[in-house]
Structures are given as C-alpha cells and as structure tokens.
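In what follows, chains are A, B, ... by sequence order, proteins preceding strands, each numbered from 1. These values consider heavy atoms only, across backbone and side chains, with no hydrogens, waters or symmetry-generated copies. Everything numeric here is computed off the predicted structure, so don't read it as measured data.
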Amino acid sequence: MTPAELADAILLAVRDAVAANELPAEVVAAPLDIKVERPRQKEHGDYATSIALVISKTAGKPPRDVAVALQARLSTVAGIESVEIAGPGFLNIRLEAAAQGQLAKAIVTTGATYGTVDTLKGRVINLEFISANPTGPLHLGHARWAAVGDALGRVLSAAGAEVTREFYVNDVGVQMDRFGASMMAIARGEAVPEDGYHGAYIPELSAQIVAENPAIMELSGVDQLQAFRDAGYTLQLKQQQDVLSQFGTHFDVWFSETTLHNSGAVDAAIEKLREQGHVDDKDGAVWLRTTDFGDDKDRVMIKADGEKTYFAADAAYYLDKRERGFQQCIYMLGADHHGYVQRLRAIAACAGDDPDQSIDVLIGQLVKIVEDGKEMRLSKRAGNIITLEDLVEWVGVDAARYSLARSSADTPLTLDTKILTSRTTTNPVFTVQYAHARISSVLRNAVELKILGSGDIAAALEQAGEFDPSLLTHEREGDLLGALAEFPRVVASAAELSEPHRVARYLEELAGTYHRFYDACRVLPHGDEDVTDLVRARLHLCAATRVVVANGLALLGVSAPERM
RNA sequence: GCGCUCGUAGCUCAGCCGGAUAGAGCAACUGCCUUCUAAGCAGUAGGCCGCAGGUUCGAGUCCUGCCGAGCGCACCA
C-alpha cells in the first residue's frame, strides 16, 4: 500500500462517515486534500494524517470525535494493521508488513519509470536558463543554472510535463561590440579598451580568429570590428555549447536575440502591445505601461534615437514563446536580475495573460567560492573568473552537478575548493553513489552464488523463486520500504515547486536508510547456508532500492556507478 | 530612500507550500571490519530557528515592524 493509496482510503473513510451521518456533508463539499505524512517518531506509526484536525472546524466537532469516526472505518481496510488516535487528533496508521513489502517487487518490475508521475501531465512548459552573453566562458553562476535547470527539466518531464529547454543567446548590443573590439585590439597589438573584455580567453580567441582567417587583418574600421565580433561570437557560442554538452546539460532550442530583430518580431510585438492598449508615446520614445501591472516604472521599448531596447526584445521573446504554444514560461535568473521579475510579469499581463499562470521566475542566489578563507568574486568582465570548466576540472561532472543541485537555488551557496578538491567522503554525492555501488556489489555476489541469473535483474529475481513480501518485517526493512514509497511524491513536489534539490535531499536520506538496513540485515547467505525466502525477499528490496537510487540520480544528471 | 532575496548546530545546508520532542552531512570525541564495498554503522556533544509583536487548537513555516547580509532601482546590455 502506497501513501497515495492510503490517502484514497482515508478519503473513502471520510465520505463513508458523511454517508452514515457521523459527519456533516459540508466536510466533503469542497475537494479534500488528504495529507499523509511519515512521522519522525516511530511510535507514531508508519503514516500519520492530521485530517481530523483539518476538518474539525467544518465538521463542527472536536478533532478527536472526528478521528474516532475515521478510525473505526480505516481499521477495517485491507493492508492496514492498526489505527491509533494520538495527541489533539492525529491518526497514526500502521501497515501490515505484506502490504508494505509488496512495493519492493512492484518497483523492480516498474524499473526506470518508477517515480514518474502525471501531476503535470499535459502542461506545456518553456524552461529558459543560463541565457548568457556569448562574449566569454560560462562562470560559476551559470554552472548553478546548468545543474539546477537541467535537473528541473528532467523533474518536470518526469512529472508528465512537456518541456522545452531553451537558451536565449544575448547576441545583440554594445556588449557584443565591446567583445569584438577587445579581440580586434589584441590582434592589432593595441591595448584592450577600458570597457572591453580582459579575460585570458580574449587573446586566445583573437589568435584563433586570425589563424583561421588571416585576411581579417586586411579589413579596416567597422568591417574589421564586425568580422571579429561575428567570428568571436561563433567560436564562443560553440565553446559554451561544448562545455554544456560535456556537463550533460542539453538544450532543445538555442534562441538568438538577433533573429527577433531581423524577423521584425520586435516591431510586431510593439504593435501587438499597442493594440492591447498598454503602449504610450512620450518624450520621443515608445513606452510600455508596465506600471499598470505592478512594475514601479514604465519601460522604454524604443528609445528617442530609434534604437530598440533589450526590454523590447524581451517582450517580443515572450510573445514568441506564447505563439509557440507554451502555457508556462519558467525563467531562471541570477539574483542581480531580480529587478526583472515585475517587468516580465508585466509583459505577460500587457499581452493579456495571467502572470501567475504563465510566468514563473526562479532567482538564483550567488554562488561563492572560498579558497583559503578568501572569497573570490565573480565578475564576467574581470579576468579572474572561475568558469564552469574550472569547476568540472577540479571535481568532475558528478560532484559539480550534485553539489550545485542539492541546494535550493534561492539560498546563497558557498562552495569550498578544499572540500571539492579533496574528493573524499565530505561530498554527499559519494554517499549516494556509494549506496548504488554497494547494492550493485550485493547483486553481483548473488549472481556469483547462483542465487540470481545474470542479465535483467527483474527477470533474474522472477526466476529465483517466490517473493514473500510478508517476510520483510525488520524495522530497518520497514524504514527502507517506507522511504522507497516516498519517491513518487518527492518527484511530484519537486516538479510542482520547481525545486529539484528535493530529489537530492531525498536520495541522501534514502542512501542513509539503505546503509542502516545493510548494517542490520544480512542479505546473502553465509558459507553453505540455504537460500531462504528471506534472502530472496531482501534481494528484491536491494534491487528496488537500486532502481530508486539510479532513477533519482538520473533526474539530477548524475551517474550511478556499479563499482567505486 | 524604495524594492527583491536571504538570516536554522562551529561550517555547508535541509525542513515535504501551519502539525507531535527542529534534522542531515562535515568538523570533534567514543566504539564496531576472519562474513554481502568500513566511501559504512552505532553512540556522545553541539540550537533563544536574527530580534520583537500578531494570527490559532498549534508558527522555523503565515502577517507586521525592526536588525543584519547580498543584490537591484537607466531612453545600459
């Protein structure tokens, strides 16, 4: 019996009590959200619900009276061993071992799709993240989004959503010109302009451009600048794509801002918004009246000099996403861009959408990196940035992705290079991966002992003999089964709240629960002992745990090693 | 000055959109390897959940104010 099934049973009990006039009809007038929790305290049972407390007001009865009515009905449900009333009116529920143990086999059979849910089924989502300027390497802040955004994409998909991952390439504007001018200056042996880019990658790009196209030095003035800018853009974008690919972060769409301008989409967007009645002409400029929708000032779309602003492109970009059929647009922005939130919402509102439905902005707080107690600031224009590549080089893809994705994006995160470079137990990813490797080892040994056949684990277990779920009665086995049952709920809440770090935290807990089980419950027979039903039951439990650990790590884009 | 985000163990962070005695990892200390991976397990210690009010059966969680940290407040990109 899973938590979801238990919640259904509780709902039935409530309805039944209403039908028997023990509770008033108002209780079920509105849809009831039955919360089933796993209590911290063992004495509080396998599961607990506070439903009696929640509905006592509408029921017009003290919580404990409500609880009594539900207790009597739940006690008779198949698979439920006991129901106790505790405290102010909690219902503490204990399941029969077999009802819980059955899950082990179900998970093994389900395999890679265990943990997928349909809570977001049919929702069409655009997930935009990183969206860096193609004027330099990706830095630590981008790395956070690469890890978190990619994990979120996987989690949303697992929840049934139709997700398009998108990278908005900011390839318009003076930053691009400064980028080009910087490379050009190097090539000509001149000093890089004050407002240019001073990173070590600039001379490298410059040299590569000249090597591939020596004729570029024959150009002059604006032509040369444009040639450097365009060539550098191509190389740098490619570099970002390669790095992200190596990082395991995949994008469905690389959307160039330039295309918005060239296709006339920006002009069309301004006209469209004008039709909606939110555009003003003032002081020779064209404004979007975002203050109609909570922004603190109106925003310029076309400057008095005729130039279109970045904001105008943003508006066009949103309208483009909308036309492509996305119901929800998720933006992941750095903390230094949080001022955009109201603006983005105002664009949606001006276009006639409900921002609460169509816009979801996630703010990523700063990633700091500490080295010898000294904080290193990240600045894109300064030369001493820490890049995504640096991070990967130090700790590897798995540790980098995991340590960035295991924390909520909206809390500032400090990574310690000492810890990250030590490659020891201090990194939680090892605990989780170790659990996977450990289980794999047990299953390998089972194959060697001829308890299991080689090949597909589900088939091997099937052939090994009967599975008796009622044998998994040890406290640690119950803990493990309970943890395994949580996985779909974790995925659902991670997707709903756009918080993939929940998956990581869950995995750490699951790994700990497995290690405790492993310590207390010997799986394989010693020496020439018989292969008992208990051995088979525990092998199911091990295999099920491995499935969940592997599925969870996959959601984070982290590998699940068979050996460590 | 206005706004956004954040303040939880020595450190890094969780806390399941109001539930029971606030958790994990690391660091410290004590035990456990002739048996499935000791990258593990068991235990000890560590807390005014920034401060003060409010809302209610019940607050780390919601509201208000204050303090502190970070970041924003362009006809920049």
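To the nearest whole angstrom, the two P atoms, one in B/rA28 and one in B/rC71, are 33 Å apart. Only the C1' atoms considered, B/rU21 is 40 Å distant from B/rG3, to the nearest whole Å. If you take atom C1' in B/rC62 and the same atom in B/rA24, they sit 26 Å apart, rounded to whole Å. Separating the P atom of B/rA22 from that of B/rU44 is a span of 16 Å, rounded to the nearest Å. Straight-line distance between the P atoms of B/rG68 and B/rG54: roughly 24 Å, to the nearest whole Å. For the P atoms, the distance linking B/rU8 with B/rG15 amounts to 14 Å, nearest Å.
At least one cation-pi condition fails for A/Arg438 and A/Tyr514: the charged atom is not both under 6.0 angstrom from the six-membered ring centre and inside a 45 degree cone around its axis. For the pair A/Arg38 and A/Tyr47, the cation sits on the ring face: its NZ or CZ lies under 6.0 Å from the ring centre, inside 45° of the axis.
Listed pair A/Lys35 / B/rG19 meets the phosphate criterion, a side-chain N or O lying under 4.0 Å from OP1 or OP2. Listed pair A/Lys303 / B/rC76 meets the phosphate criterion, a side-chain N or O lying under 4.0 Å from OP1 or OP2. For the pair A/Arg538 and B/rC36, the criterion of a side-chain N or O lying under 4.0 Å from OP1 or OP2 is not met. Here A/His337 does not reach the OP1 or OP2 of B/rC4: none of its side-chain N or O atoms lies under 4.0 Å away. A sub-4.0 Å separation between OP1 or OP2 of B/rC75 and a side-chain N or O of A/Lys282 is absent. OP1 and OP2 of B/rC57 both lie 4.0 Å or more from every side-chain N or O belonging to A/Ser56. Remark: A/Lys297 is in phosphate contact with B/rA74, judged by side-chain N or O atoms under 4.0 Å from OP1 or OP2.
We find that CZ of A/Arg345 is positioned 12 Å from P of B/rC4, with the value rounded to whole Å.
If you run side chain to side chain contact (heavy atoms under 4.5 Å, CB included) between A/Arg536 and each of A/Leu534, A/Asp533, A/Thr532, only A/Asp533 comes through.
Put simply, A/Tyr518 rests on the base of B/rC36: the two rings are less than 5.5 Å apart at their centres and nearly parallel, under 30°.
Without hydrogens or angle criteria, A/Arg546 side chain to A/Ala435 main chain gives no donor-acceptor distance under 3.5 Å.
Each of A/Thr513 and A/Leu497 lies near RNA chain B, and the nucleotide nearest A/Leu497 is the one positioned closer to the 5' end.
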